[in-house]
Amino acid sequence: MSEIVDDIKFIDEEGKRIDGRRVDEMRPLKIEAGVLKRADGSAYLEWGDNKVMAAVYGPRECHPRHMQNPSRAIIQCRYNMMSFSVSDRKRPGPDRRSIEISKIISEALENVVFTENFPRTSIDVYIEVLQANAGTRVAGLTAASVALADAGIPMRDLVPAVAVGKADGHIILDLNGKEDNFGSADLPIAMIPRTGEVLLMQMDGHMTMEELDLALSYAKKACQEIYDIQRDALHRRYASQAGTEDDNDDDDDLPDEEA
Amino acid sequence: MSEIVDDIKFIDEEGKRIDGRRVDEMRPLKIEAGVLKRADGSAYLEWGDNKVMAAVYGPRECHPRHMQNPSRAIIQCRYNMMSFSVSDRKRPGPDRRSIEISKIISEALENVVFTENFPRTSIDVYIEVLQANAGTRVAGLTAASVALADAGIPMRDLVPAVAVGKADGHIILDLNGKEDNFGSADLPIAMIPRTGEVLLMQMDGHMTMEELDLALSYAKKACQEIYDIQRDALHRRYASQAGTEDDNDDDDDLPDEEA
Amino acid sequence: MSEIVDDIKFIDEEGKRIDGRRVDEMRPLKIEAGVLKRADGSAYLEWGDNKVMAAVYGPRECHPRHMQNPSRAIIQCRYNMMSFSVSDRKRPGPDRRSIEISKIISEALENVVFTENFPRTSIDVYIEVLQANAGTRVAGLTAASVALADAGIPMRDLVPAVAVGKADGHIILDLNGKEDNFGSADLPIAMIPRTGEVLLMQMDGHMTMEELDLALSYAKKACQEIYDIQRDALHRRYASQAGTEDDNDDDDDLPDEEA
Amino acid sequence: MADEVVSQIKKGHIHKLLSMGRRMDGRSADEYRSITVEAGIIGSAQGSARVRIGNTDVVVGVKMDVGSPFPDTPDRGVLTTNAELIPMASPTFEPGPPDQNAIELSRVVDRGIRESEMIDLQKLCIVEGEEVWINFLDIYVLDYDGNLFDACFYGAVAALRNTIVPAEKHEKGDDYPMPLRHYPIQTTAVKIENSILFDPALDEEMVADARLTVTTDENGDLRAMQKGLAGALTLDEVNEIIDTSLRLSKGLREIIG
Amino acid sequence: MADEVVSQIKKGHIHKLLSMGRRMDGRSADEYRSITVEAGIIGSAQGSARVRIGNTDVVVGVKMDVGSPFPDTPDRGVLTTNAELIPMASPTFEPGPPDQNAIELSRVVDRGIRESEMIDLQKLCIVEGEEVWINFLDIYVLDYDGNLFDACFYGAVAALRNTIVPAEKHEKGDDYPMPLRHYPIQTTAVKIENSILFDPALDEEMVADARLTVTTDENGDLRAMQKGLAGALTLDEVNEIIDTSLRLSKGLREIIG
Amino acid sequence: MADEVVSQIKKGHIHKLLSMGRRMDGRSADEYRSITVEAGIIGSAQGSARVRIGNTDVVVGVKMDVGSPFPDTPDRGVLTTNAELIPMASPTFEPGPPDQNAIELSRVVDRGIRESEMIDLQKLCIVEGEEVWINFLDIYVLDYDGNLFDACFYGAVAALRNTIVPAEKHEKGDDYPMPLRHYPIQTTAVKIENSILFDPALDEEMVADARLTVTTDENGDLRAMQKGLAGALTLDEVNEIIDTSLRLSKGLREIIG
C-alpha cells in the first residue's frame, strides 16, 4: 500500500468506482482449462486486465531428493511475473515478493490436494503472470487450482481466491491497478465456499474491525462466484474432451470426492 | 559485426590486406601438443595474435550424475577468455557468448570422438584464450581436437576450423582483429577435409549467395592446411615421446582409425 | 594495514596507549560458555568492544557427501560479521575476507580436535561477530574452541589466540580499532601455552626481526592469560551444569586428555 | 524417516495434552513465554536490540546511511528489512542466501513496521528527490525455539525505538531520535487440531496446522495479517485470534516498549 | 534408461517412416505446421506477440526504456534479448537462470534481428552519447513441442513490428512506431539420417543428427546461420537447406507480417 | 577411498626418504625447482608474465583502467587481485567462482604485493578523489604441481615490473612504467613430520602438516606471513623458516627480476 492516498476520488456520488463497478462487484473473470499440451494440466485466466497462465506437472519424482516426504507429495509452486507484465520491466528470475507468494500459494493448495496418495513425489505448479493489474496472487491461485483439477490430481475442492481492499475510505472488492496503487488496505484471501475455510489470507494497510467484517463478507460472496466460474471452466474442458455425448451439467465428474 | 563499416580500406590496390596477406591467406599458425603435465592431453596454439591453450581430462566419471549417458561419453567443453586476453578487461567467469561457444564446440567434437566406447563418462575439454585477436572459437576448436588426440582418446578424425568473413566488400579468409571489428560478415566453420563434412558453422552479417560460395571454398582450402599443421603437431609430440627410434613420417600412429 | 600512518600519537610520554593500556596489556576479556539452547555447544565473548558468539554442531553427517573423509571428521568453520557489526553496513553473506578467515580458523581447530574419532562426519563451527573492534578473527577462534569444549567434543587442548601489532613505532598487544586502522603491522596468532605450538599465524605490514621477536613474546604471554580465561569459562559452565555438589577448581573435567 | 517417527510421537503427545487443555510447558493457550528485551547492545549500529522469547533469541540492528529515494516516493526515507536464519540457530538452518522461510519472515516483519506507519518516513527526507535516510533493518536469529515472527518483530520495534539518526556524522545537522508515530504490536498464534495457541514453541510449531500473525495499532485497528501453513482457519477462528491479539497487545506493548 | 529405450523406439519409428518419405504428422519435408500470430496481446509491453507453431507456444514482449548507449555505438539504441525456458513449457525445463540451450536460443534470435539490421537503431538515439532507447526483447516459452528457434524468432519479429516507442511517457515527444528497415525470415531444418526436414516437431528434434537455422532478407541474401547438434552436414546439404529456406521465406513472411 | 590409500602409501614413501634426508626429486630441503619467467607475453595486457616452477605453470596479467578511488584513500590507485584455479590445471579443480583455496591464494599474493608497498599507489592517482588508475591483477593457473603461492607471487611481481601505464590511450599524457618502490620476495615452506622443505612439489604438499609463507623486502624486514594447514609450528621452526627465507631471497630476487 502506498502512503500517498485519498486525494484521488475512487468512489463517485452514485457509489460507482473509476471503472464503473459497484464496491462489491468483481472485474470480469474468464478461465479456460487445458490450454497447454506438454503440461499435465493447465489453465489460462483473464481477470480484468490480469492475464495469467498456470500449469501443473506431477505427481512426479521429487528433486532434490532431500525434499521428499516419505508419507505424502509436496506441492512446489513457482509464481512468476513475466518481465513485461508490469509497468517498469522486471528482471527475469524470482524476487523476494514472488518467493513469498509462491510459498503461501503452495500452502493453500496443499490443503486441498490428497497429497497422502502420492508419497515421495512432487506436484509442481507453475504460475506465470503475462500481464499484471492488481490481484495477481489470487488470480494465480484461482488458475492453479483449476490446472490441478485439469491434471486429474485428486482434490477435495477447488480454491477460489480474491482480494478485498480499501480506497477513498470505502471497502471495495477486487481492486484494480489504480485502486491497488493508491488504496489504503489490501486483503487477499482464499476461501472454500462450502466450508467457509480460509486457506490463504494476508492483509496490509489500515482497517477497523468493522471494515474487516465487511471485507470478509464481500470476499465470501466473491469466492462463491469465482468458484462457479472455476467449475464451469472444468465442465467445458471435460465436455470438449468427452466430445458431444457427455455434455450435461452434472457435477459428478468434478473433483469433489468429499462433496 | 559492427554496423560501422566500410569507410576503412581493408584491401589495397594490389589486393593486399592491412597485414599484407592475400584475401585467401591465413595468418601464421603454430600448434604444440602435450604442453601440460596434469592434463591427460593438451595443446598450445598461436594463430596470428591469438594464443590459446587447450586441455583434456577423461574419459572420467561424469559429474553431476544425472548428466551421465548410459550408452556413451558426453563431451563437456568449457571455452573461456582470460580477463586480460581482450582490450577491455573481461570479468572472470562464463558469459553468454562463451556458453554458446562452449556448446557448439562440444557438439563439433562429439562428432569425431568414439563416445560409445566410454559409456557414463565425461570427456572434459578446457579451452583458455590467453590473448584474443579474432577467430578464437575456431582456434579453440582446432587446439581442442589436437589435445583430445594427445590424450589418446579414440577419434575418427581431427577437426580443423577457420573463420571466413567480409570486409571492404571482399570475402577474406581468417579475419584478424581489425577486420573482425569493422568487417561486415563473419562465418566460422569447421570442416573435415577428407569428407567435406561441416561440424560447426555460424554466420552473421550480410552475404550474397555468390559470396557464400566463395567463402566456403576459401574455408575448405584452409581447413586442409590447418589439418596438416594439426597432424604435424601430433607427429612431433609422438616423436618426442617415442624418443629417437621412431622418428618417422608415417601416419599410422595418428588417430584416424577409419582412414 | 592502511598506508596512512604515524602522524597520530598512539603512545604517550608515560608509555600509555589511547585507551590507557600499557603496550603489552590486553583489553578486558569475558567469556561465557553454554549460552545457546539449540547448538551442541556455544560460547559468547566480549573482548574490548568486540562481541562474538560461537556455536558448534556435531559431529554430524557431513554434507555434501563428497567432502566426507573416511578416516576422520572434517571441521567446517563459518566466520561471519553481522551487517551492523562494523562502521559501514556490510552486506550479508560471505565475502573473500571471511572465507579466508573461516579457512585458517578451521585449520587451527582441526589441530586440537580428535577428528579421527568421528570418521565421515562434520563438526560445524559458526562464529558470528555482533560487534567488531579489531581482532575479531582471534576473538572468534578463542570463542570457538570454548564452544567445541562445551559441545563435549574430545580435544587435546584449547586454542587461545591474540593479535599483536605495531603503531607509532611501538609493538603493542591486542590492537583496538583505532590502532588497527592506523597501525603499521598486524600479527594475529594462536599458540598453545603448554607446548608453544603455533596453530594460526598471519602477518601484514612492516616489522624488523627484532620487532617480530618482541611481538611473539607479547603473544606468548597473552595466550597464557587468554587460556586461563577460557578454562575459567568452562569451569563455571560445568559447575552450573553440575549444580553445587561439584563446584571445585580441579582441572580433571577439562578437555585435556593429553595433559 | 526417523524424524518423521519422532514427529509423529511428539504430535501425539501434544495432541493428548491439548485434549486435556494443557500445553507442554504448562502455559495457558494465550500465554507468552518470558520475554526479555535488551536495547542498544550494538554500539556499531544506530539502533539495536536483542530479544528473547523463551529460548528463542534474536538480535536486530538498524544501520542508517544517506542515499537516494525511490522515484515514486521522493520525499520519504527508505526501509529495507532482511532476516538471516543463520545455521548457528538451528540444525535445520543452512548457510546461504535467505530461503523462502527467511524471506517470508523478513517480509512479514517489514509489513508490520511499514503498514503500521510506525516510522515517519517523511521526516527521514533530507532533500526531496535527492537525499533521504536509508534504514537497513537487519535481523539475525541466534537460537531458534519457535515463534520467530514475534521475536523478530519485537526486536525490530525495540531497535527502532532505540535508534538515533546519525546526522552529525553525515554533516546533516544534529543527531535526533528515529521519528516514530505508532507502536504496533504483533501476535502469532497457531492452530493444532481444534486448539488456538499463542506464542508457539518449536515443538508446537512442528505439529501446527495453521498459523496467523496479526498486527494491530494502539487504536485497536488492524495493520497487517499473514496466514501460514497448509491448514485452514474458519472465519470464526480468525476473529477469535484477532480478538485475543487485541487483548494481549497492551501487556506486550509495555514489555517491548 | 527408460527414456533411452523410448527414444530408441521412437527413433526407429521415425526412421522407418522417413525411409518411406513420410513424417509422423503427415507433413512433407519442407512443410511448416500451422502458424498463428497474435500481436499486441500484452498491454503492459510496448510491443508483444504470441506465436504458435503447432503446439509450440511462445510469448514475446518488448519493453523500452531510456538509458545510456554503449561507448562504442554512441548514436544507436540498445537491443537486449533474453529467452526463458520456463518449467511450465516442458518437463525437461528446470527453474533457474538460462542454461546453455536458452542462451543459444536467445543469441540466435538476437543475431537474426541484429545482423539483418531489422531495427534502425540510429533512429533510437535521443541525444548522441547520452540518451538512447533501450529495447528489452523478452521471450517466454509456454509450451514446447519443437522448433523454438523459429517460433521465438517469429514472435520477436511480430512483437517488434507491433511496438510503439513510448516517447510521450518519457517526455521525448510523440509516440512513434519502432523504426524498422527489413523483414528478415528465418527457417530451421534438421537432418535425420539422410532426410532434411523443416520445422522439426519435438519428436523429430529428439532424434535429429544436425540442425541448421538460416536467416535471410527480402533480397534473398544471407544474414545469419547457426548449425547445431553433433551430426555433420555436407556442403551440398547446407546449400540445399539455404535454397529451400529462400523458397519458404516468402510464404512465411506473409504469415508473420 | 582409493585416493586415501595412494595418499597413505605416498606419505610413507616421502617420510622414509625424508628420514634419510632426501626429497623425492633429489632436491635439498631449501632448494627450489627450476624457475622460468617469461615476461610480457600477453600483448592485450598492460603487463604480464608466465612463470613456471618445475611443472607448475601460471600466467598473470595486469589490466589497467581509469576509475574512482576508494573514499578512504582518495589519492591512491586501486589494486584488485584475483586468482583462478581453472579446471585445466588439475583434476581436482572445478569450474565456478573461486573457492576457499583460490581466495586464500589471491589474498596472500595481494597481501605480499600490498603490504610490501611494492606499487607506489600514490603515483597512480590522476585527480585526487576523482580519478585514479585501477589495477586488475589476474592470475590463472595452467598446470598445478605444487607451490602455487610462490609461483603466483613471482608471476605477479614479474608482471608488475613489466607493466606500462596506458596513459595515452586514456588521454592522460605519456605512457610510463608502473611506479614501483620495492621488490619483495616470498618463499613458502612446508613441514612434514620434522622436516622443513621449501618449494613443496605437489606430492609433498599432499602430505604436508603445516605451511608457512614469508614475504620479505630488500632490507630483510618482514612484510607478510601466512601459516596454513592443520599442523603446528614451534616458534623455533617459524624462526628457522624466516631465516632460510631471507637467505634464499637474494637468489630468487635475481631470477624473478
Side-chain angles (χ1 to χ4, degrees), chain C residues 34-44 46 48-61 63-64 76-94 98-99 102 122-134 136 140 143-144 147 151 177, chain D residues 2 38 40-50 52 54-67 80-98 102 106 134-146 155 159 163 166 169-170 201-202:
Chain C
V35 294
L36 299 176
K37 190 198 174 198
R38 296 300 300 283
D40 297 322
S42 58
Y44 177 70
E46 292 191 0
D49 285 336
N50 289 309
K51 299 186 180 188
V52 176
M53 182 76 83
V56 169
Y57 285 87
R60 61 181 177 184
E61 204 190 342
H63 280 295
Q76 298 194 85
C77 175
R78 179 179 175 274
Y79 161 100
N80 184 52
M81 285 185 141
M82 289 187 178
S83 58
F84 42 70
S85 66
V86 283
S87 176
D88 290 330
R89 177 176 183 267
K90 203 200 138 293
R91 284 169 79 98
S98 68
I99 290 170
S102 298
S122 177
I123 295 169
D124 297 313
V125 178
Y126 302 110
I127 297 170
E128 292 286 336
V129 178
L130 283 74
Q131 184 174 299
N133 193 271
T136 59
Chain D
E38 287 177 84
I41 52 150
I42 306 292
S44 45
Q46 271 69 61
S48 61
R50 184 168 171 184
R52 291 183 185 85
N55 285 307
T56 288
D57 195 345
V58 308
V59 57
V60 180
V62 179
K63 291 290 278 187
M64 296 186 71
D65 201 354
V66 172
T80 300
T81 305
N82 188 53
E84 297 278 320
L85 300 180
I86 52 177
M88 166 177 284
S90 163
T92 63
F93 293 172
E94 298 191 5
S106 63
I134 314 288
N135 304 281
F136 293 100
L137 184 66
D138 285 309
I139 302 168
Y140 288 83
V141 178
L142 300 175
D143 212 352
Y144 168 44
D145 194 27
T163 297
K169 186 184 151 194
H170 292 270
L202 180 59

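Because the structure is predicted, anything quoted here is derived from the model rather than measured. By convention in this document, chain letters (A, B, ...) are assigned in the order of the sequence lines, proteins followed by strands, and residues within each chain are numbered from 1. Atoms considered below: every heavy atom in the structure, side chains included; atoms not considered: hydrogens, waters and symmetry mates.
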Worksheet entry | NZ/NE/NH1/NH2 to OD/OE distance under 4.0 Å, D:Asp65 and C:Arg89 | no
Practice prompt. Could you tell me which portion of C:Lys51 (side chain, backbone, both or neither) has an atom closer than 4.5 angstrom to a non-hydrogen atom of chain D?
Written response: side chain
Practice prompt. Please step through side chain to side chain contact (heavy atoms under 4.5 Å, CB included) for the pair C:Arg38 and C:Tyr57, ending with a clear verdict.
Written response: CA-CA 9 Å; C:Arg38 296 300 300 283; C:Tyr57 285 87; 3.6 Å; yes
Worksheet entry | Structural part of C:Asp88 lying under 4.5 Å from a heavy atom of chain D | both
Worksheet entry | Distance-only donor-acceptor check, side chains D:Asn82 and D:Glu84, under 3.5 Å | yes
Worksheet entry | Atom group of D:Asp138 that falls short of 4.5 Å from chain C, counting heavy atoms | both
Practice prompt. Identify whether the distance between the nearest side-chain nitrogen and carboxylate oxygen of D:Asp57 and D:Arg50 falls below 4.0 Å.
Written response: yes
Item to complete: Please flag which part of D:Pro91 lies under 4.5 Å from any non-hydrogen atom of chain C: side chain, backbone, both or neither.
Response: both
Practice prompt. Against chain C, work out which of D:Pro97, D:Pro87, D:Ala45 has the most heavy-atom pairs shorter than 4.5 Å and name it.
Written response: D:Pro87
Worksheet item: So which of C:Pro94, C:Ala132, C:Ser85 has the largest heavy-atom pair count under 4.5 angstrom toward chain D?
Response: C:Ser85
Worksheet item: Got a second to check how far D:Thr81's OG1 is from D:Asn135's CG, nearest 0.5 Å?
Response: 9.0 Å
